[in-house]
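Report on the following structure.
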Amino acid sequence: MGETIFSKIIRKEIPAKIVFESETVLAFRDINPQAPEHILIIPKINDIARVTDIDGNRHSKLLGEMFDAVNTIAKELGIDKDGFRLVINNGENAGQDVEHLHIHMLGGRKMTWPPG
Ligand code: AMP
């Protein structure tokens, strides 16, 4: 837990294409997009590395704000009607690279199932 590349993005020490920002949540375009729209939604606090660090009592408001951000962004990008996919990779088997909780929001194309 703690410092990752996303901490630097939050502090604006490295550039990112920010699409949404509030007091608690930041969202920016993924540097290696897997769909025409690929946004990462992250909490600004850096003590949730993974889903398994989430404590419902402490984090429920923050998680609600992250999903509110998802819906705001979906409308702004015009993908709310056609649909989009949310992915949270958790740990090694899921291929999580950055140890700072993030929701991948993928849209702008038809998705396939099952995921890889
Ligand atoms: P994950 O594999 O679920 O941990 O996802 C990490 C994501 O962060 C990947 O999709 C990367 O492309 C993305 N990423 C890493 N560094 C940056 C960066 N500096 N700006 C935007 N996205 C990044």
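When a ligand or atom number is given, it counts from 1 through the structure's own listing order.
Atom CG of N93 has 12 or fewer neighbouring heavy atoms from other residues, nucleotides or ligands inside a 6.0 Å radius.
A distance-only check finds a donor-acceptor pair linking the side chain of D53 to the backbone of R50 [under 3.5 Å].
For the atom pair CD (E99) and CG (D97), the distance works out to 9.0 Å, reported to the nearest 0.5 Å.
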**Asked** What do the steps show when you test I14 against I5 for side-chain contact (heavy atoms from CB on, under 4.5 Å), and what is the final call?
**Response** CA-CA 8 Å; I14 61 170; I5 190 148; 3.4 Å; yes

Pairs under 3.5 Å, nitrogen or oxygen of ligand 1 with protein nitrogen or oxygen:
| from | atom 1 | to | atom 2 | distance (Å) |
| --- | --- | --- | --- | --- |
| ligand 1 | 2 (O) | G95 | O | 3.0 |
| ligand 1 | 2 (O) | D97 | N | 3.3 |
| ligand 1 | 3 (O) | N89 | ND2 | 2.9 |
| ligand 1 | 3 (O) | H102 | NE2 | 2.8 |
| ligand 1 | 3 (O) | H104 | NE2 | 2.8 |
| ligand 1 | 4 (O) | D97 | N | 2.7 |
| ligand 1 | 4 (O) | V98 | N | 2.9 |
| ligand 1 | 4 (O) | H102 | NE2 | 3.0 |
| ligand 1 | 5 (O) | H102 | NE2 | 3.0 |
| ligand 1 | 5 (O) | H104 | NE2 | 3.2 |
| ligand 1 | 10 (O) | D30 | OD1 | 3.3 |
| ligand 1 | 10 (O) | D30 | OD2 | 2.5 |
| ligand 1 | 12 (O) | D30 | OD1 | 2.5 |
| ligand 1 | 22 (N) | I31 | N | 3.1 |

Show the atom names and distances, to 0.1 Å, of all donor-acceptor pairs under 3.5 Å that link a side chain in residues 30-38 to residues at least two apart or in another chain.
| from | atom 1 | to | atom 2 | distance (Å) |
| --- | --- | --- | --- | --- |
| D30 | OD1 | N32 | N | 2.8 |
| D30 | OD2 | H38 | NE2 | 3.4 |
| Q34 | NE2 | N32 | O | 2.9 |
| E37 | OE1 | R29 | NH1 | 2.9 |
| E37 | OE1 | R29 | NH2 | 3.1 |
| H38 | ND1 | Q34 | N | 3.0 |
| H38 | NE2 | H104 | ND1 | 2.9 |

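Taking the charged nitrogens against the carboxylate oxygens, R11 and E3 do have a contact shorter than 4.0 Å, which makes a salt bridge.
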